[in-house]
Amino acid sequence: MKIQQHDGSIIEIEKSSKEAFEVLNHSTSHLLAEAIQELYPEALFGFGPAIEEGFYYDIDFPKPIVEEDLAKIEKKMHELASKDERIIREELSKEEALKRFKSNKYKVELIEGINENITTFTQGKFTDLCRGPHLLATGQIKHFKLLNLAGAYWRGDSKNKMLTRIYGTSWFSAEELQNHLNNLEERKKRDHRILGRQLDLFMLSEYGPGFPFWLPNGMILLNCLEEFWKKQHDKYDYVQVKTPIILSRELWETSGHWAHYKENMYTTKIDDRDFAIKPMNCPGSILVYKNSLHSYKDLPIRMAELGLVHRHEASGALNGLFRVRAFTQDDAHIFCREDQLVEEISTLLRFYDEMYSMFGLDYHIELSTRPETGYIGDIRIWNKSEEILKDACLKSGKEFKINPGDGAFYGPKLDFKLKDSMGRIWQCGTIQLDMNLPERFECFYIDSDGEKKRPIMLHRACLGSIERFTGILIEHFGGAFPTWLAPVQVELLPVNNEFHLTYTDELYKLLKENGIRVAKDDSNEKLGYRLRNTQIKKVPYTIVIGDNEVANKSVTYRKFSSRDQVTVSQEEFIKMIKEEISQRKM
């Protein structure tokens, strides 16, 4: 298929490519805006980008619209697409663009921030400020669906007006569109908030918005995750530390958080001094580093912490475990020499591979570079840091793409975007290279020449937020966790308590003694009802105990979602499930 590039040239690209999907969806966002302009002439347009699985457009409507209006808008979009209008690129001076868009305050604001020639794309009677690329004509847009409405502050700033965001998705075939819509329906069934209640994993309360409560089953899941996390860190020679939750204002001023992050921090006064609940673990880890004198031979020092942090999130942004106000970061801070950096980052890439593969999660890497404003430190240090991260990826054979301007305020980073079983992308892991905080805190080590030198600091989180990662796993597995993670691994169902309960109790005790998480349902409900209940609870193994099992001291088990029943000896079953758990099989 042919597309128009940023510079107006026309090139051929594969329809199956990611770029083609993005161009189709960006062009569909313009088709949406064209339909809105016809139906709501007084509406003002903000942004309309392509996103991972579709597009959205932020619009200032004169009167609010509702979900039911989407069908009318979609109908108008099909009507306009059938006209097969050419999409025409035009280049304007800044003055011409300001004149063209003078009636739209949002476009005027964007134009005023541009210091180069400006491009627009026009189809029919609709013209939008845009760099492209685009399709050649609207007739190529055939298979799309408007999905939902949301609120979005202009330019993501809560001080600005709330606009209406319309989400949609566009595909090259009816079959692809339908498959995606089916996938979205499946995702709704896997909603971690619904499964969290159904499986008794966690709860939310208005007494603490954004502060999740972990229930007994959820604690088992968390403990299994943390046990795996600790073993991995032992394997890679990390030491573990624990730093205070509340630290003084002076520390946060030194780190730069008080100036750059204060609106997201919870603060308090103690003995007339300002303190803050930590939003990040790094300043505390730096204090631990500074507690001892270090030689160049001691480096690298890999310091890990499961640190509870608090960040003030807007109430409207809270979303189950995905967006909370208190969460545990699986943090680590590595202090190393410059000559060790590439090897350390390469080692981290191997570490991340092992962690994510354990859960069957694919990923890609993005290099997030220096923000345009609000960063600390020298630009030369930023440029050098970005080159080191690139070099480490290339030497490890890891592909990456550039995410300009999205680095932390103290340094560039590698972001790890995970893909789950539903095809969704999640930002989880990060590796941040920081030459600034060691300077601000005057960290040093004694080099081979006896002189003081600055270490370089790597901030590293693999799972990111334990709470958010758990939410991702709930949806990734649909609540049907692999046996090593499942809160209940085996459930025992005696057919008749009068004849089968004694052996059930014996088996229950034997499994517990072997470290297997076992439950039994000896209620008076019918067996069929109890079997269905184990499926609802998504227990990996259900054991039904009847006359044959009692007579032979055997085990008849059924795996989750399977109708097949397998009979083995007690010893065979225990050996099989213990091996599955110890090897953390998927």
Side-chain angles (χ1 to χ4, degrees), residues 190 195 199 201 216-238 240 304 306 330 332 347-363 416 418-422 426 428-429 462-464 466 469-492 507-519 534-535 537-543 554-562 564-586:
R190 292 179 177 228
L195 288 174
L199 303 177
L201 299 174
N217 280 350
M219 282 306 301
I220 293 171
L221 181 56
L222 284 184
N223 289 337
C224 289
L225 275 176
E226 291 185 8
E227 181 188 356
F228 168 59
W229 184 91
K230 288 172 182 174
K231 285 184 177 178
Q232 279 293 102
H233 284 74
D234 286 344
K235 176 181 174 182
Y236 279 85
D237 296 323
Y238 284 79
Q240 289 186 43
L306 287 169
D330 73 315
T347 300
L348 279 175
L349 294 174
R350 290 197 300 275
F351 178 93
Y352 280 41
D353 260 341
E354 290 181 15
M355 291 287 282
Y356 297 145
S357 65
M358 184 56 64
F359 305 100
L361 292 163
D362 294 326
Y363 68 91
F416 292 74
L418 308 187
K419 179 181 279 190
D420 69 9
S421 60
M422 296 280 94
W426 304 93
C428 285
C462 182
L463 306 182
I466 296 289
F469 190 77
T470 302
I472 292 168
L473 288 185
I474 291 170
E475 299 198 2
H476 175 59
F477 291 117
F481 300 109
T483 306
W484 71 276
L485 274 177
V488 175
Q489 295 165 328
V490 178
E491 183 137 5
L492 306 179
L507 187 56
Y508 177 89
K509 183 180 178 183
L510 181 62
L511 293 173
K512 285 211 68 151
E513 287 171 352
N514 278 274
I516 297 162
R517 295 189 291 273
V518 58
T534 64
Q535 297 301 293
K537 291 189 291 186
K538 304 179 188 293
V539 178
Y541 287 92
T542 300
I543 294 177
S554 62
V555 170
T556 299
Y557 69 85
R558 177 189 293 183
K559 284 191 171 186
F560 172 74
S561 78
S562 171
D564 296 335
Q565 297 187 71
V566 181
T567 301
V568 293
S569 67
Q570 294 177 355
E571 293 76 16
E572 286 176 299
F573 179 77
I574 290 171
K575 181 183 178 184
M576 176 193 73
I577 195 170
K578 286 181 73 172
E579 181 180 299
E580 184 176 335
I581 294 166
S582 65
Q583 295 180 9
R584 297 187 176 90
K585 291 183 179 179
M586 289 288 291

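Reckoned from all heavy atoms, side chains included, excluding hydrogens, waters and symmetry mates. Keep in mind it's a predicted model, so treat the numbers as computed, not measured.
Interatomic distance, L361 CG to L473 CG, rounded to the nearest 0.5 Å: 6.5 Å. Atom CD1 of residue I543 and atom CD of residue Q565 lie 11.5 Å apart, to the nearest 0.5 angstrom. Rounded to the nearest 0.5 Å, atoms CG (L511) and CD (Q570) are 8.0 Å apart. In this structure, the separation between CD on Q583 and CD on E579 is 4.5 Å, given to the nearest 0.5 Å. If you take CD on Q240 and CG on D234, they are separated by 6.5 Å, rounding to the nearest 0.5 Å. Between R517 atom CZ and I220 atom CD1 the span is 6.0 Å, to the nearest 0.5 Å.
When each of F469, F477, F481 is checked for a ring-ring contact (aromatic ring centres under 6.0 Å, His included) with F359, only F469 meets the rule.
The two atoms that bring D330 and L463 nearest to each other are OD2-N, 2.9 Å, heavy atoms only. A pairwise comparison of heavy atoms in Q489 and A486 identifies CG-O, 3.6 Å as the closest pair. Here the shortest heavy-atom pairing between V488 and A519 reads CG1-CB, 3.9 Å. Between M586 and P482 the shortest heavy-atom distance is O-CB, 4.1 Å. The minimum heavy-atom distance linking I577 with V490 is given by the pair CD1-CG2, 3.4 Å.
Between the side chains of T542 and E491, no donor-acceptor pair is found at a separation under 3.5 Å. S569 and E572 share a donor-acceptor pair across their side chains, judged by distance under 3.5 Å alone. For R190 and S421, the side-chain atoms include at least one donor-acceptor pair closer than 3.5 Å. A side-chain donor-acceptor contact under 3.5 Å links Y363 and D353. Judged purely by distance below 3.5 Å, without hydrogens or angles, the side chains of T567 and S554 never pair a donor atom with an acceptor atom.
Taking 4.5 Å as the limit, every side-chain heavy atom of K585 sits out of range of all side-chain heavy atoms of W484.
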### Task
Start with the C-alpha gap between K231 and E227, add the side-chain angles, then the distance that decides, and say whether salt bridge (Lys or Arg N to Asp or Glu O under 4.0 Å) holds.
CA-CA 6 Å; K231 285 184 177 178; E227 181 188 356; 3.5 Å; yes
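Close placement of the Y541 and F573 rings is indicated, their centers lying within 6.0 Å of each other.
Between Y236 and F351, the ring planes lie perpendicular to each other; the angle is over 60°, past the 30° to 60° tilted range.
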